[in-house]
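Proteins come first, then strands; the chains are lettered A, B, ... in the order of their sequence lines, and each starts at number 1. The structure displayed is predicted, hence computed values, not measured ones.
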Number of protein chains: 2
Amino acid sequence: MHRLYELAVERSYNTGDIILREEQSADYVFSIRRGYAAMVRLTSDGKRQILAFLFPGDFVGFTSEDNYHYGVSAIAPVNACRFGRAELEALVEKYPVMDRKLRFTLTRAMDASYELLFSLGRKDSLQKVASFIWYVSYRHKKLAQPSNPIHLPMRRSDIADFMGLTIETVSRAFTVLKGMDVIRLRGAYEVEIVDMDRLRSIGVVVAEPAPYERNDPDYYPHKAD
Amino acid sequence: MHRLYELAVERSYNTGDIILREEQSADYVFSIRRGYAAMVRLTSDGKRQILAFLFPGDFVGFTSEDNYHYGVSAIAPVNACRFGRAELEALVEKYPVMDRKLRFTLTRAMDASYELLFSLGRKDSLQKVASFIWYVSYRHKKLAQPSNPIHLPMRRSDIADFMGLTIETVSRAFTVLKGMDVIRLRGAYEVEIVDMDRLRSIGVVVAEPAPYERNDPDYYPHKAD
DNA sequence: CGTAACCTTGAGCGTTTTCAAATATTGTGG
DNA sequence: CCACAATATTTGAAAACGCTCAAGGTTACG
């Protein structure tokens, strides 16, 4: 596993920087080391869908096509490791264990994607936003970050484009949740969850996705700090 | 690869049969040999979301959790091969190539899932239905099945639960597409695509998912008929 | 301290849903 | 093979939810 990071190139990105461009040849895979990024799908008519938020420990760039069908951009300053796909495949050839790990990574991403699919298809705006706040708290918790007064690393427009809403609707949902005394806001990005159970039940959170955990070195293949 | 099917149990299911139950222990993986199935997510309040339609050649049952967070049911008579997860992992241990194949399978499913994510989040009802019809035609084509006058193996309620709509809205979208002379209907399940390009452009079809192809034995690990 | 970017709030509009009824299709038994 | 019952689809009208457009308020940063 340490071998993996020998062929990595470490890179830094500022908020808004493009890590990976849509329609670019799919030659690289990235692992987020620090900061937050988003997988983004754009259309010619200006619509945007965020397919996933990337937290530290997440991988991105695997695709079955020759080109990426999404872009990746930093929504906060990011440190990421870049791996050449060819080198990665060669390494996998030598160390079959790697394959298993990659498969786990993909399966987890898959499960997270199904969660979002359900949210987009069958939740109303309040449920979407409630489950979103719960999701961010949960992911922070798994990374051993503060999970109750949480810091949202993304703006309202990112939340909107993730949940298939508009910024106005997202904002109104926050206001409603405040009025229900489920959350409190300290600025737009600091959320205190007053009633976690109610937040979870409003959000119709069914499954808990299983992202990497900091204290699980096996599933958290990062260089030591 | 032939070894894989030595540990498979072949099973048949009728329309409506449950192949795999939600919250069941994730001990099996299935590959669809014949017929059509759907991955389904249900909520206590009666909402339903179809996460994916399963065509011949598709695998289902991989998850990072201990239990499935979705069910699978046949939407038409199905023949499927059932693999024990433990046996599968053991086989993978012996034949590392298998791992690569499974990883490809997952990556393809992932890409398809991102396509749907985009549809659910950012398309209106007409675009959703147009892209859905295009998708079925495309999948049939890849399986060397008739792809222009196509047979829809799913009912309106399945389409609705896949695209995050109601059956009424789906039905109205079909009517509109008929009125635009983009499609013709011969009964509710036989669709003739009069103008494929227009159908595709209305549906804002960006990426072509890459399902298994019949004439690609490497990616179509089925017993010979 | 001022400006720019972002978030919140309001009002009106439009699309999709809901509820209800009619029509079409499928399957079954005579 | 036909008639009939059951199921599914289509169509219609009204209501609801989220979107658009517009303005006001906050926050962050130079």
Whole angstrom is fine here: how far is it from CG in A:Leu185 over to C1' in D:dT27? 13 Å

Hey, which of these two, A:Gly164 or A:Arg186, hits DNA chain D nearer its 5' end, going by closest nucleotide? A:Gly164

Polar side chain donor-acceptor pair, B:Glu190 to B:His151, under 3.5 angstrom: yes

Show your reasoning for whether side-chain contact (heavy atoms from CB on, under 4.5 Å) applies to A:Ile159 and A:Phe132. CA-CA 8 Å; A:Ile159 301 175; A:Phe132 176 77; 3.5 Å; yes

N/O to N/O distances under 3.5 Å, protein versus nucleotides 4-6 of chain C:
residue	atom	partner	partner atom	Å
C:dC6	OP1	A:Arg155	NH1	3.2
C:dC6	OP1	A:Arg155	NH2	3.3
C:dC6	O3'	A:Tyr189	OH	3.3

Report the residues that fulfil salt bridge (charged side-chain N to carboxylate O under 4.0 Å, His left out) with B:Asp45, sequence neighbours left out, ordered by chain and then residue number. B:Lys47

Select from A:Ala188 and B:Gly187 the residue whose nearest nucleotide in DNA chain D is closer to the 5' end of that strand. B:Gly187

Applying side chain to side chain donor-acceptor pair (under 3.5 Å), name anything that partners B:Ser201, two or more places apart in sequence or on another chain. none

Can you list the residues that meet the side chain to side chain donor-acceptor pair (under 3.5 Å) rule with A:Lys128, with sequence neighbours excluded? none

Positions of residues 123-130 of chain B (non-hydrogen atom under 4.0 Å from DNA chain C), listed by number: B:Asp124, B:Ser125

Got a sec, which residues hit salt bridge (charged side-chain N to carboxylate O under 4.0 Å, His left out) with B:Arg48, two or more places apart in sequence or on another chain? B:Asp158, B:Asp161

To the nearest Å, give me how far apart NE2 (A:His151) and C1' (D:dA28) are. 13 Å

For A:Ser73, which residues count as a side chain to side chain donor-acceptor pair (under 3.5 Å) partner, sequence neighbours excluded? none

All side-chain contact (heavy atoms from CB on, under 4.5 Å) counterparts of B:Ala38, not counting sequence neighbours: B:Val40, B:Ile50, B:Phe53, B:Ile75

Between C1' on C:dT18 and NZ on B:Lys47, what's the gap in Å once rounded to a whole number? 15 Å

For A:Met154 and C:dC7, give me the distance from atom CE to atom C1', rounded to whole Å. 16 Å

Is any side-chain heavy atom of B:Pro77 less than 4.5 Å from a side-chain heavy atom of B:Tyr13? no

Between the first and last five pairs of the helix from C:dC1-D:dG30 to C:dG30-D:dC1, the angle of the axes, rounded to 10 degrees: 50°

Look at A:Glu115 together with B:Arg41 and state whether they make a salt bridge at an N to O cut-off of under 4.0 Å. yes

Only counting residues at least two apart or in another chain, list the ones meeting side chain to side chain donor-acceptor pair (under 3.5 Å) with A:Asn148. none

With side-chain hydrogen bond (donor to acceptor under 3.5 Å, both in side chains) as the rule and sequence neighbours excluded, what pairs involving residues 180-189 of chain B come up? B:Arg184-B:Glu192

Starting at atom CG of B:Asn14, determine the distance to atom C1' of C:dG27, rounded to an integer number of angstrom. 15 Å

B:Asp58 and B:Arg139 ion-paired at < 4.0 Å: yes

Near DNA chain C, under 4.0 Å by heavy atom, which residues of residues 165-178 of chain B? B:Leu165, B:Thr166, B:Glu168, B:Thr169, B:Arg172

Cation-aromatic face contact B:Arg200/B:Tyr138, 6.0 Å, 45 degrees: no

Atom-to-atom span, CE of A:Met163 to P of D:dG18 - whole angstrom: 12 Å

Let me know the distance between CG of B:Asp161 and P of C:dT17, rounded to the nearest Å. 11 Å

